[in-house]
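These notes are about the structure you will find just below.
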Amino acid sequence: MKTLIAYYSRGGVTAKAAKKLQELTGGDLFEITGEKNYGGYFTALRIARKEFSENELPKVTNKVEDFDSYNRILLGFPIWYGRCPQLVVSFLSQYNLAGKEIYPFCTSGTSGPDPAVELLKKTAKVQPFIPGFV
């Protein structure tokens, strides 16, 4: 089974977790990037709140080569306002996820992963997700 570790990290914490997962699994690492600069912590939260309220899907600026060859996707993101960043939803919307196993991993200072993962399942219309971990 071929594994992709796709992640978005604003401050580096999720990137660190993704690199550790790469060491453990031998999967291919892919950083999700977008055209927006989310800046510092409070700026990122202000932008994220606007994206959530307007259901804005920011543009992703890179693509996974040969995405169809991956069976398992470890999907990493920080939790913002109890949610997955809209950039990650945009990333998922670029691909046919049928038949993929998706394992979310989240980083957060305060929130658990369950509400973010549940909302991601609904907004990205992806099933099944394997229970996430923080």
Side-chain angles (χ1 to χ4, degrees):
M1 190 164 276
K2 191 170 178 187
T3 301
L4 174 68
I5 304 160
Y7 70 94
Y8 169 69
S9 184
R10 185 205 56 82
V13 176
T14 307
K16 185 176 178 180
K19 289 172 186 167
K20 184 64 175 175
L21 285 169
Q22 181 187 36
E23 290 173 17
L24 294 170
T25 65
D28 296 333
L29 203 57
F30 179 82
E31 182 178 9
I32 301 166
T33 60
E35 63 184 11
K36 281 187 183 179
N37 177 355
Y38 288 92
Y41 179 75
F42 292 107
T43 300
L45 291 180
R46 181 181 49 77
I47 293 169
R49 180 179 284 165
K50 182 178 182 291
E51 288 175 353
F52 295 148
S53 69
E54 297 176 5
N55 200 28
E56 178 187 343
L57 293 176
K59 184 177 180 183
V60 177
T61 56
N62 58 349
K63 286 197 140 216
V64 176
E65 290 190 31
D66 200 20
F67 184 83
D68 292 339
S69 70
Y70 293 99
N71 311 89
R72 178 183 299 132
I73 301 165
L74 307 183
L75 181 67
F77 55 88
I79 297 174
W80 292 347
Y81 293 109
R83 299 179 65 161
C84 170
Q86 291 289 87
L87 183 64
V88 175
V89 176
S90 292
F91 168 77
L92 289 174
S93 71
Q94 297 181 97
Y95 302 101
N96 178 359
L97 302 171
K100 309 283 187 206
E101 291 180 3
I102 300 176
Y103 297 81
F105 64 97
C106 314
T107 57
S108 174
T110 59
S111 304
D114 293 339
V117 171
E118 285 303 312
L119 192 54
L120 181 59
K121 286 187 333 190
K122 290 176 188 172
T123 58
K125 296 178 177 66
V126 178
Q127 298 287 341
F129 267 65
I130 312 306
F133 53 96
V134 177

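Looking only at side-chain heavy atoms (C-beta outward), Leu92 and Ile73 stay at 4.5 Å or farther from each other. Side-chain contact between Tyr8 and Phe91 is absent, with no heavy-atom pair separated by less than 4.5 Å. Side-chain contact between Leu21 and Tyr7: absent, with no pair of heavy atoms (C-beta onward) separated by less than 4.5 Å. At least one side-chain heavy atom of Ile32 sits less than 4.5 Å from a side-chain heavy atom of Leu75. Residues Trp80 and Leu45 have side chains in contact (heavy-atom distance under 4.5 Å, counting atoms from C-beta outward).
Arg72 meets the salt bridge (charged side-chain N to carboxylate O under 4.0 Å, His left out) test with Glu101; sequence neighbours excluded.
The cationic group of Lys63 lies under 6.0 Å from the six-membered ring centre of Tyr95 and within 45° of the ring axis, placing it in a cation-pi geometry.
The CG atom of Leu87 lies 9.5 Å from the CD atom of Glu35; values are rounded to the nearest 0.5 Å. To the nearest 0.5 Å, atom OG1 of residue Thr25 and atom CG of residue Leu74 are 5.5 Å apart. To the nearest 0.5 Å, atoms CG (Asp28) and OG1 (Thr3) are separated by 8.5 Å. One finds the NZ atom of Lys36 at 12.5 Å from the OG1 atom of Thr43 (value rounded to the nearest 0.5 Å). Here Leu4 contributes atom CG and Asp66 contributes atom CG; the two are 10.5 Å apart, rounded to the nearest 0.5 Å.
For Lys2, the NZ atom sits in a packed shell: over 12 heavy atoms of surrounding residues, nucleotides or ligands are nearer than 6.0 Å.
Gln86 contributes a side-chain N or O that, together with a main-chain N or O of Glu56, makes up a donor-acceptor pair within less than 3.5 Å. Although no hydrogens or angles enter the test, the distance criterion places a donor-acceptor pair under 3.5 Å between the side chain of Lys100 and the main chain of Asp68. The closest donor-acceptor contact from the side chain of Asn62 to the backbone of Thr33 lies under 3.5 Å.
Here the closest heavy-atom approach between residue Thr14 and residue Gly76 is recorded as CG2-C, 3.7 Å. Shown here for Lys19 and Leu29, the closest heavy-atom pair between the two residues is CG-CD2, 3.7 Å. Across all non-hydrogen atoms, the minimal contact from Phe105 to Ala6 is CE2-O, 4.5 Å. Closest heavy-atom contact between Ser9 and Ala15: OG-N, 3.1 Å. Between Phe52 and Cys84, the shortest heavy-atom contact is CE2-O, 3.5 Å. In this structure, Pro58 and Glu51 approach most closely via the heavy-atom pair CG-OE2, 3.6 Å.
Cluster annotation: Ile5 and Leu24 are assigned to distinct hydrophobic clusters (Ile/Leu/Val/Met/Phe/Trp/Tyr, side-chain heavy-atom contacts under 4.5 Å, transitive). Grouping the Ile, Leu, Val, Met, Phe, Trp and Tyr side chains by contacts below 4.5 angstrom, directly or via other members, places Tyr81 apart from Val13.
No close placement of the Phe67 and Phe30 rings is indicated, their centers lying 6.0 Å or farther apart.
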